[in-house]
A.B. asks: 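One structure is given below, represented as structure tokens, and several questions about it will come after.
Throughout, a chain's letter reflects where its sequence line sits, starting with A, and its residues are numbered from 1.
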2 protein chains.
Amino acid sequence: MHSVSEENYIKTIYHLQEGSALVSTNEIATRMNTKASSVTDMLKKLADKNLAEYIPYRGARLTENGWTCAVQIIRKHRLWEVFLVQKLNFAWDEVHDVAEQLEHIQSRKLINELDKLLGYPKRDPHGDPIPDQHGNFEKTHKTLVSQLNKGDRGTLVGVMDSSSQFLKYLDKHQIQLGTSIQILDREEFDQSFSIQANDKTLQISEQIADNLYLKLQE
Amino acid sequence: MHSVSEENYIKTIYHLQEGSALVSTNEIATRMNTKASSVTDMLKKLADKNLAEYIPYRGARLTENGWTCAVQIIRKHRLWEVFLVQKLNFAWDEVHDVAEQLEHIQSRKLINELDKLLGYPKRDPHGDPIPDQHGNFEKTHKTLVSQLNKGDRGTLVGVMDSSSQFLKYLDKHQIQLGTSIQILDREEFDQSFSIQANDKTLQISEQIADNLYLKLQE
DNA sequence: TTTTATTTTTAGTCTTGTCTAAATATTATT
DNA sequence: AATAATATTTAGACAAGACTAAAAATAAAA
Ligand SMILES: [Mn+2]
Ligand SMILES: [Mn+2]
Ligand SMILES: [Mn+2]
Ligand SMILES: [Mn+2]
């Protein structure tokens with residue numbers, strides 16, 4: 001149907017797009033480690049195929065069509081991630097690159113049977129929701145640690161960054177999905193946090209706080 | 001490492017090559033539904049990468065390197081086929097096209113864990129042997145039905161053609177791997193056979209006899 | 001052993017997806 | 001409002017992989 005490249009662009013736009021706002025050429029280029037000129041070319045192509053709306057010099061947003069397509073790719077990506085962790089003993093920091101390849105395999109039956117094999121999971125190993133066959137998925141109530149205040153507490157329900165580097169950092173401190181976290185203090189100078197996790201106190205930089213999603217308690 | 005195209009060429013040459021004989025440009029082109037000129041281009045590229053030996057106007061054969069590579073692709077292809085049948089409820093005639101895509105996924109860990117999950121199977125759903133991590137696999141003693149004579153009997157251990165069309169034909173007559181088959185008669189006129197399978201007599205054309213592998217009894 | 005038929009290669013073109021460098025548009029700053 | 005800085009697009013090039021048509025080599029037939 002669509003090429004691997006087209007699919008990767010569609011997915012990227014989906015992830016960058018908030019609501020119905022336009023996503024800029026440069027944002028896409030940066031995220032995809034490609035050049036702005038390449039993005040421009042592709043945006044024209046996606047517009048031709050009615051997958052994105054493209055307004056020169058302003059940016060692009062997915063059409064209904066493109067959105068549906070993105071959700072299906074994301075469904076595949078996340079189901080494969082669950083498969084790798086649940087069935088093939090991958091760690092949560094090892095799955096991303098492989099899923100990046102597997103998400104482009106074309107077979108309706110394959111992905112629906114995989115879904116069944118895994119017991120129709122609702123979340124991937126990073127806490128992200130998995131769309132069902134029809135593209136429906138739960139939107140989660142979650143807040144970035146960086147936006148919390150002293151005293152707030154909750155449990156880790158997601159990570160913004162799924163890179164191996166970041167996830168290994170969390171592993172090192174035994175922080176995983178479900179871990180209970182409390183904000184002990186916030187340093188005004190560098191916006192760093194002091195948090196409590198696993199009965200231990202931990203200093204985390206703003207950058208780390210920016211990648212942890214909590215579900216607040218009460 | 002290698003592109004999907006390169007891998008498909010390597011696999012095709014592997015399948016066409018008998019011993020150390022050269023495979024002709026046209027044979028490859030026919031098998032791959034491509035043009036001879038495209039094959040020539042690719043053979044040069046494979047030779048440059050030391051994956052094949054290419055003698056202009058004569059043909060090509062895999063190098064040691066290319067052979068190793070081919071065996072790994074075939075390992076992946078067949079393991080994925082087993083996975084699809086064993087874990088995802090695919091029929092043996094549905095797996096080929098999907099495995100054709102999956103065989104190109106790059107991840108050592110993925111394929112070795114898949115192997116483990118499946119219990120280190122020795123054969124794929126079509127009776128073909130599955131190479132292990134090191135590329136070793138059993139060579140099977142099998143004979144085409146078309147080369148047998150009246151009275152010969154054996155069990156089906158493989159099929160030459162894995163197309164959905166052919167496999168569905170076998171399904172229709174309840175012929176599967178392990179089915180016991182006896183040659184009742186051979187018609188000299190059109191080389192067709194009369195065989196016994198599942199306590200029923202069946203007339204099969206030469207073309208069908210040419211795609212069934214038996215392991216002879218005693 | 002010529003001549004003919006077939007196979008293979010070469011030359012040139014096309015598409016997809018990428019890049020660099022230059023041109024243009026937009027945004028920010030004086 | 002003019003200028004500087006930044007973002008975006010265009011123009012032109014390139015690599016991979018495919019194709020067609022023509023040329024060259026090999027094999028088959030007369
Ligand atoms: Mn991808
Ligand atoms: Mn994920
Ligand atoms: Mn393939
Ligand atoms: Mn097979």
A.B. asks: Please check the phosphate of C:dT16 (OP1 and OP2 only) for any side-chain N or O of A:Ser5 closer than 4.0 Å.
C.D. replies: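 So the side-chain polar atoms of A:Ser5 never come under 4.0 Å of the phosphate oxygens OP1 or OP2 of C:dT16.
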A.B. asks: Could you tell me the separation between the CE atom of B:Met42 and the P atom of C:dT10, rounded to a whole number of Å?
C.D. replies: 16 Å
A.B. asks: State which of C:dT18, D:dT9, C:dT9 makes the closest approach to the side chain of A:Tyr9.
C.D. replies: C:dT18
A.B. asks: If only side-chain N and O atoms of B:Ser3 are considered, is one of them under 4.0 Å from the OP1 or OP2 phosphate oxygen of D:dG17?
C.D. replies: yes
A.B. asks: Nearest-Å distance, CG (B:Asn33) to P (D:dG17)?
C.D. replies: 18 Å
A.B. asks: Determine, for A:Lys11 against A:Glu100, whether the closest basic-nitrogen to carboxylate-oxygen distance falls under 4.0 angstrom.
C.D. replies: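 A:Glu100 and A:Lys11: salt-bridged.
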A.B. asks: Mind calculating the distance between CE (A:Met32) and C1' (C:dG17) to the nearest angstrom?
C.D. replies: 11 Å
A.B. asks: Can you tell me which nucleotide in D:dC19, C:dT18, D:dT8 comes closest to the side chain of A:Thr34?
C.D. replies: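 Between D:dC19, C:dT18, D:dT8, the one nearest the side chain of A:Thr34 would be C:dT18.
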A.B. asks: Ring centres of B:Phe83 and A:Phe83 under 6.0 Å apart?
C.D. replies: yes
A.B. asks: Would you kindly give the OH-to-P distance between B:Tyr57 and C:dT9, to the nearest whole Å?
C.D. replies: 7 Å
A.B. asks: Within 45 degrees of the axis of the six-membered ring of B:Phe90 and under 6.0 Å from its centre: does A:Lys109 put its NZ or CZ there?
C.D. replies: yes
A.B. asks: Between D:dA18 atom P and B:Glu6 atom CD, what is the distance in whole Å?
C.D. replies: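 That distance rounds to 10 Å.
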A.B. asks: Are OP1 or OP2 of C:dT20 and a side-chain N or O of A:Lys35 less than 4.0 angstrom apart?
C.D. replies: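 Yes, such a contact exists.
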A.B. asks: Rounded to whole Å, how long is the line connecting atom CD1 of A:Ile28 with atom C1' of C:dG17?
C.D. replies: 15 Å
A.B. asks: Mapping B:Lys44 and A:Asp41 to their closest nucleotides on DNA chain C, which lands nearer the 5' end?
C.D. replies: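 Taking each residue's closest nucleotide, the earlier one in sequence belongs to B:Lys44.
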A.B. asks: How is A:Ser37 classified with respect to the nucleic acid when contacts are heavy atoms under 4.0 Å: base, sugar-phosphate, or nothing?
C.D. replies: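 Base contact - A:Ser37 has a heavy atom under 4.0 Å of at least one base atom.
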A.B. asks: Would you find a donor on one side and an acceptor on the other, under 3.5 Å apart, between the side chain of B:Thr63 and the backbone of B:Leu51?
C.D. replies: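 Flag set: sc B:Thr63 to bb B:Leu51 pair under 3.5 Å.
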A.B. asks: OP1, OP2 of C:dT8 versus side-chain N and O of B:Tyr54: anything below 4.0 Å?
C.D. replies: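 Answer is no, no contact under 4.0 Å.
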A.B. asks: For A:Arg31 and D:dA7, what is the distance between atoms CZ and P respectively, to the nearest whole Å?
C.D. replies: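 In whole Å, D:dA7 P lies 17 Å from A:Arg31 CZ.
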A.B. asks: Can you see if the side chain of A:Asn26 gets near the phosphate of D:dT6 - specifically, an N or O under 4.0 Å from OP1 or OP2?
C.D. replies: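 For A:Asn26, the contact criterion (side-chain N or O under 4.0 Å from OP1 or OP2 of D:dT6) is not met.
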A.B. asks: Would you call B:Asp115 and B:Arg75 a salt bridge, taking side-chain N to carboxylate O under 4.0 Å as the test?
C.D. replies: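 A salt bridge is present here (some side-chain N lies under 4.0 Å from a carboxylate O).
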A.B. asks: Please confirm whether the shortest side-chain N or O distance from A:Arg58 to OP1 or OP2 of C:dT27 is below 4.0 Å.
C.D. replies: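 For C:dT27, OP1 or OP2 has a side-chain N or O of A:Arg58 closer than 4.0 Å.
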A.B. asks: Can you find a side chain N or O atom of B:Thr40 that sits less than 4.0 Å from OP1 or OP2 on C:dT10?
C.D. replies: no
A.B. asks: For A:Ser38 and A:Pro56, take the nucleotide of DNA chain C holding the closest heavy atom to each; which residue's nucleotide lies nearer the 5' end?
C.D. replies: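 Counting from the 5' end, the first nearest nucleotide belongs to A:Ser38.
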A.B. asks: Specify the separation, in whole Å, of atom CD of A:Glu27 and atom P of D:dT6.
C.D. replies: 17 Å
